[in-house]
Amino acid sequence: MSTNESVTNTPERQAFYDKIDKQNLTPLWSVLGELVTPEPRSKCQPFIWHFNGIRTAMVEAGGLITAKEAERRVLILENPGLRGESKITTSLYAGVQLVLPGEVAPAHRHTQSALRFVLEGSGAHTAVSGEKTIMEYGDFVITPQMAWHDHGNETTEPMFWLDGLDIPLVSFLDASFAEGLGQDEQEITRATGQSYAEYGHNLMPVGASGSRHVSPIFNYPYEQSRTTLEAMKKGGDPDACHGWKLRYTNPLDGGYAMPTIGTFIQLLLAGSSAPYRSTDATIFTCVEGSGSSQVDDIVLEWGPKDIFVVPSWKSVVHTPHTESVLFSYSDRPVQEKLGLWRESRGDA
Ligand code: 1HN
């Protein structure tokens with residue numbers, strides 16, 4: 001395949017292009033090089049948002065609009081290369097949400113899938129499909145597509161979390177549907193923690209049915225993830241690129257917890273990881289520790305709750321200053337399903 005970027009123009013050619021333009025026709029040979037690139041060429045840029053800055057802006061937003069009026073009081077993390085598109089990567093969305101004490105974010109549902117990753121606060125809840133879960137620092141919470149969900153904070157402290165959604169993917173496919181319930185809170189029909197009790201312990205109810213696209217567990221508590229990372233550390237050597245890295249799974253089939261978004265948690269020791277790149281642009285947030293990540297020649301310095309993005313096929317080297325835990329998410333399940341996902345380890 002030719003990767004010819006530009007075919008020479010001539011007055012005759014231009015006249016021809018102008019003529020066929022009126023018929024909504026365009027010559028492939030003048031755009032081929034942009035359409036089919038030898039490797040990914042993303043507008044997505046490496047970037048970091050420090051939580052302190054986001055938090056200050058969110059507190060200010062808290063004085064300007066209620067969660068109820070806003071429906072969701074969120075500041076979108078817009079990639080500098082994708083401004084105005086509500087995207088953190090080409091395929092995914094990220095935002096930081098604040099629910100103040102006593103507030104509710106009213107019940108609604110939509111075809112976009114959402115994840116929450118708790119950044120600050122303790123004890124606020126989200127309700128999903130008739131069940132509440134209490135959220136703690138580092139918990140990974142899922143809102144499946146078309147599941148009714150509302151949030152509430154009955155504590156005395158503000159609650160902040162990272163929202164990750166597949167909004168750009170769903171928009172690309174023109175498959176967005178959404179509706180409000182018309183009431184702040186949905187009816188609660190199950191005990192708090194019921195889903196985790198049933199599916200979170202290597203057991204599941206016999207005869208259980210339901211979608212296999214998404215995990216029946218909707219809160220993966222940090223306490224459990226952290227314990228598993230510690231056991232991995234005791235049990236064997238770290239991977240040169242990833243340290244000890246775990247994938248959140250759907251206990252029904254061992255697949256990804258969500259159909260469109262892959263979620264991961266990793267423990268890294270101080271010192272530099274081996275270079276790594278993959279085609280799934282990845283959003284990271286630091287749960288514990290601090291360090292830097294070098295993406296090509298850009299160095300991103302992170303500490304707890306900071307959020308940074310590594311674009312598709314950009315080589316990353318993580319250099320934690322101390323033992324660190326990173327949560328991350330990407331569109332990897334989609335790319336794997338389509339046979340598109342690639343990675344390369346080391347300097348290859
Ligand atoms: C949404 O439903 C939430 O439920 C957060 O907390 C962010 C961004 C776009 C569309 C729906 C939530 C969202 C969202």
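Counting starts at 1 for both ligands and their atoms, following the listed order.
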### Task
Could you grab the distance from atom CG of L162 to atom CZ of F117, nearest 0.5 Å is fine?
8.0 Å
### Query
Quick one: are the ring centres of F264 and H242 less than 6.0 Å apart?
no
### Query
What protein heavy atom sits nearest atom 8 (C) of ligand 1, and how far away is it?
Y93 OH, 3.6 Å
### Task
Run the salt-bridge test on E120 and R55 with the 4.0 Å N-O cut-off and return the result as yes or no.
yes
### Query
How does Q112 reach ligand 1, by side chain, by backbone, by both or by neither, if only non-hydrogen atoms under 4.0 Å count?
neither
## Note on the structure
Of all protein heavy atoms, the one nearest atom 4 (O) of ligand 1 is R72 NE, 2.7 Å
#### Entry: Closest to atom 11 (C) of ligand 1 (judged by heavy-atom distance), picking from H149, H110, E71
H110
### Query
If you count the atoms of ligand 1 from 1 in the order shown, which ones are under 4.0 Å from a heavy atom of R116?
3 (C), 4 (O), 5 (C), 6 (O), 12 (C)
### Task
Give the C-alpha distance, both sets of side-chain angles, the deciding distance and a yes or no for side-chain hydrogen bond (donor to acceptor under 3.5 Å, both in side chains) between D163 and W161.
CA-CA 6 Å; D163 283 317; W161 63 75; 2.9 Å; yes
#### Entry: Protein heavy atom at shortest distance from atom 14 (C) of ligand 1
L165 CD2, 3.9 Å
### Query
Under 30°, 30 to 60°, or over 60°: which ring-plane class applies to H110 and H149, parallel, tilted or perpendicular?
perpendicular
### Task
Please report which non-hydrogen protein atom sits nearest to atom 9 (C) of ligand 1, along with the residue it belongs to and the distance in Å to one decimal place.
I167 CD1, 3.3 Å
### Message
Return the closest protein heavy atom for atom 6 (O) of ligand 1 as residue, atom name and distance.
### Response
H151 NE2, 2.6 Å
## Note on the structure
Here the atoms of ligand 1 under 4.0 Å from any heavy atom belonging to H108 are 1 (C), 2 (O), 4 (O)
### Task
Report the relative orientation of the aromatic rings in F327 and Y329; use parallel for angles under 30°, tilted for 30 to 60°, perpendicular for over 60°.
tilted
### Query
Is atom NE2 of H213 surrounded by more than 12 heavy atoms (other residues, nucleotides or ligands) closer than 6.0 Å?
no
### Query
With atoms numbered from 1 as shown, which atoms in ligand 1 lie under 4.0 angstrom from a non-hydrogen atom of Q97?
5 (C), 6 (O), 12 (C)
#### Entry: Residue from V118, V99, V59 passing side-chain contact (heavy atoms from CB on, under 4.5 Å) with F160
V59
### Task
Can you pull out the closest protein heavy atom to atom 5 (C) of ligand 1? Residue, atom name and distance to 0.1 Å, please.
D163 OD2, 3.4 Å
